Amino acid sequence: MNNLLKAGIILAALIAAAQCLQCRQCSIGIFGTCIVGRDVMCNNATERCYRGEAQFNATGRLQLHTRGCLDSDLCGLTITGTVLGAGYTSSFQCCTTDLCNGASSLQLPLTVALCAAFLSSLWSVWEM
């Protein structure tokens with residue numbers, strides 16, 4: 001009986017793991033490139049893989065990207081707000097298959113990414 005109970009627990013764990021979605025997680029990306037990313041398993045069945053984008057209204061050029069797991073209630077939403085007086089618009093697009101939000105990405109050193117963001121902001125000042 002003890003072996004049967006152990007087998008049932010293992011089977012239940014395997015079924016639960018099979019239902020989890022594997023997604024690409026990227027805390028922040030610039031110009032469509034993930035700075036530091038990894039693959040993660042979503043925590044529950046209501047989460048979906050997502051791609052998020054935040055665009056600052058003042059520049060219109062600098063876009064930040066994010067990826068990961070997101071509760072399905074937030075999929076398809078567009079959110080607006082302000083950070084330190086700068087307006088932004090964020091949107092979230094979801095998908096439901098493993099790694100559908102982007103496979104492995106190019107990993108850039110943080111210094112390179114920060115330099116690219118700085119140069120982008122200078123470029124928008126020069127065009128004014």
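All values reported here derive from a predicted model rather than from experimental measurement.
Note on F92: it does not cluster hydrophobically with Y88, by side-chain heavy-atom contacts below 4.5 Å among ILVMFWY residues. Cluster membership check: I79 does not share its hydrophobic cluster with L84, using side-chain heavy-atom separations under 4.5 Å among Ile, Leu, Val, Met, Phe, Trp and Tyr.
Within the model, atoms CZ of R67 and SG of C26 stand 6.0 Å from one another, a figure rounded to the nearest 0.5 Å. Rounded to the nearest 0.5 angstrom, Q55 CD and T80 OG1 are separated by 13.0 Å. Remark: R24 CZ to C69 SG distance equals 12.0 Å, nearest 0.5 Å. Interatomic distance, C20 SG to N44 CG, rounded to the nearest 0.5 Å: 8.0 Å. From H65, atom NE2 reaches atom CD of E53 across 5.0 Å, with rounding to the nearest 0.5 Å.
By the side chain to side chain contact (heavy atoms under 4.5 Å, CB included) test, D98 is found to be paired with L21, Q22, residues two or more places apart in sequence or in another chain being considered.
Disulfide check for C100/C95 passes, with the SG atoms closer than 2.5 Å.
With contacts defined as side-chain heavy-atom distances shorter than 4.5 Å, the pair C23/N101 qualifies.
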Show, in sequence, the C-alpha distance, side-chain angles and deciding distance for T66 and I28, and conclude whether the side-chain contact (heavy atoms from CB on, under 4.5 Å) test is met. CA-CA 5 Å; T66 183; I28 190 164; over 6 Å; no
Would L64 and I30 count as a side-chain contact (heavy atoms from CB on, under 4.5 Å) here? Give the steps. CA-CA 5 Å; L64 301 177; I30 299 175; 3.9 Å; yes
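Smallest separation of non-hydrogen atoms from G102 and R51: CA-NH2, 3.8 Å.
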Solution key, residues 70-78 side-chain donor-acceptor pairs under 3.5 Å, sequence neighbours excluded:
residue: D71; atom: OD1; partner: D73; partner atom: N; Å: 3.1
residue: D71; atom: OD2; partner: T46; partner atom: OG1; Å: 3.2
residue: S72; atom: OG; partner: T46; partner atom: O; Å: 3.2

